[in-house]
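Have a look at the structure below, then the notes.
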Amino acid sequence: MNNDELLRRDLAVLWHPCTQMKDHESLPLIPIRRGEGVWLEDFDGNRYLDAISSWWVNLFGHANPSINQAIRDQLERLEHVILAGFGHQPAIELAERLVALTPQPLTRCFYTDNGSSAVEVALKMSFHYWRNHGQPRRTRFISLSGSYHGETLGALAVGDVALYKETYGPLLLEPIIVPSPDAWNREPGERAADVAERRFAAMEAALEQHSGEVCAVIVEPLVQCAGGMRMYDPVYLTRLREACDRHNVHLIADEIAVGFGRTGTLFACEQAGISPDFLCLSKGLTGGYLPLAAVLTSDDVYRAFYDDYTTLRAFLHSHSYTGNPLGCAAALATLDLFEQQPVLERNRQLAAHMGRAFAHLADHPHVGEVRQTGMILAAEMVRDKASREPYPWQERRGLTVYRHALERGALLRPLGNVVYLMPPYVITEAQIDRLAEVASAGITRATTD
Ligand code: PMP
């Protein structure tokens, strides 16, 4: 079996996600035979360094021996069981450990089976909480411009990335969108924290204006990932927590992408010293192995649903694969790795190295900014450096970087004009240096007219 043969068969039957399939008339589609550590290998034997952790899910490398073993062991015992009316050890143990790891007052864990469905659960639970408290007029959500929370209809509605959302607009709930604290929007002389403070006024105004109709504010803490790896200062979250308390609305932290050490702390909210009312986790939760998600919430929320059956106050949401035992086993093995190894410490060193390796790109005539939060680093290509005028999306400059990287054995998958790195934590400094070379040359190629 080789690439060509699989490619032909693939294109005959598959419909790939987030893809204009016609692109593959000219763009290589790459069938992967196996993975090991940071490497992916195709059927012709070419290797690609997975610099984006396969859509930000992989933490400890492909085919990680201890996660593999944990899944094998679980497989011998129980592959799956309905989680309504039944339970199992991995689901219980994982909930116990997540509750212990996450900040007070998160004491309850509700499982789903992907990130978008975790967001749906948080939105529905918040709405339903207020309804159970006799406030059914609360039906709205506040979110930030440039945010992304998934692509099922509810999650898509509270996001704000036009590419994914615009077409489906007529089907969606209408959120209240306030300007993001994204530090890219800083005025000359402003620091990231100043932008956050300045932008917070709009959040405060929205909370004031929509008092009594808002269920929750939903944010991606510190990094708006799919919106272009846009980053903001933690002070925004500190202020937001205080304002949500004052206005009596929930705070939903979508840490699906930034959780599990991506930003330098285990959870991004820790950097603001806050706890949300709902914490959505997925992606890295299973080390990048299996679809699983968890929504952590408080006893206060849990109690709002706890009553006699006939009051019909119970939370109604069910996915067939809720709390799948194999996924939970992979997640437990992932948490073991965090416990057994100095992961966050090592990440700090790797992050510092990433910063050094990519620093020179800040001087590139078509890079508007190199920004970084922990293990996420992004370089944004611009047409004009001084004004930060973007390249029109139709020019697809990022795609040139993507092609360039593939030819050189790296998987970089820019978001529009934003070239970024979100690598597995088992990457080495030498591999980071190599990625910096590939990214720089790719950016030069993509921006040379
Ligand atoms: N929220 C955030 C912040 C995400 O980055 C993503 C996935 N990119 C999601 C939600 C949706 O997760 P999933 O793709 O598992 O549905």
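In this text the structure is predicted, and so the values were computed from the model without any measurement. Worth knowing before you read on, the calculation uses all heavy atoms, side chains too, and leaves out hydrogens, waters and symmetry mates. Just follow the structure's listing: the first ligand is 1, and inside any ligand the first atom is 1.
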### Message
Minimum heavy-atom separation for H317 and K124, please, with both atom names.
### Response
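Closest heavy-atom pair between H317 and K124: ND1-NZ, 3.0 Å.
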
Can you list the ligand 1 atoms lying under 4.0 Å from a non-hydrogen atom of [X]?
X	answer
A257	5 (O)
D254	1 (N), 2 (C), 3 (C), 10 (C)
N114	15 (O), 16 (O)
S116	11 (C), 12 (O), 13 (P), 16 (O)
H149	1 (N), 10 (C)

Does this structure show an ion pair linking [X] with [Y], if we count only N-O contacts that are shorter than 4.0 Å?
X	Y	value
E369	R186	yes
E151	K165	no
E255	R262	no

### Query
Are any of the heavy atoms in K283 under 4.0 Å away from ligand 1?
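The answer is yes: ligand 1 sits under 4.0 Å from a heavy atom of K283.
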
### Query
Hey, is W56 one of the residues with a heavy atom under 4.0 angstrom from ligand 1?
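W56: in contact with ligand 1 (<4.0 Å).
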
Mind listing the side-chain donor-acceptor pairs of residues 214-223 below 3.5 Å, one per line with the distance, residues two or more places apart or on another chain?
unit_1 : atom_1 : unit_2 : atom_2 : d
E220   : OE1    : Y148   : N      : 2.9
E220   : OE2    : C225   : N      : 3.0

### Near-ring test Y129/F305, centroid separation under 6.0 angstrom
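No - the distance between ring centres of F305 and Y129 does not fall below the 6.0 Å cut-off.
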
### Message
Considering non-hydrogen atoms of the protein only, which is the closest contact for atom 12 (O) of ligand 1, and what is the distance?
### Response
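Of every protein heavy atom, G115 CA, 3.3 Å lies nearest to atom 12 (O) of ligand 1.
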
### Nearest protein heavy atom with distance in Å, relative to atom 6 (C) of ligand 1
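Scanning the protein heavy atoms, the shortest distance from atom 6 (C) of ligand 1 goes to Y148 CE2, 3.5 Å.
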
### Message
Taking CZ in R33 as the centre, count heavy atoms belonging to other residues, nucleotides or ligands within less than 6.0 Å. Is the count above 12?
### Response
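Yes.
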
### Task
Look only at interatomic distance and state if E220 has a nitrogen or oxygen under 3.5 Å from any nitrogen or oxygen of ligand 1.
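No: no nitrogen or oxygen of E220 is under 3.5 Å from one in ligand 1.
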
### Message
Does the protein come close to atom 14 (O) of ligand 1 - that is, does one of its heavy atoms sit below 4.0 Å from that atom?
### Response
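No, there is no protein heavy atom closer to it than 4.0 Å.
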
### Message
Does either side chain, that of N58 or that of S54, offer a donor lying less than 3.5 Å from an acceptor on the other one?
### Response
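N58 vs S54: no donor-acceptor pair found between side chains.
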
### Message
Under 4.0 Å, heavy-atom basis, I'd like to know which part of C225 is in contact with ligand 1: side chain, backbone, both or neither.
### Response
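Under 4.0 Å from ligand 1, C225 contributes no heavy atoms.
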
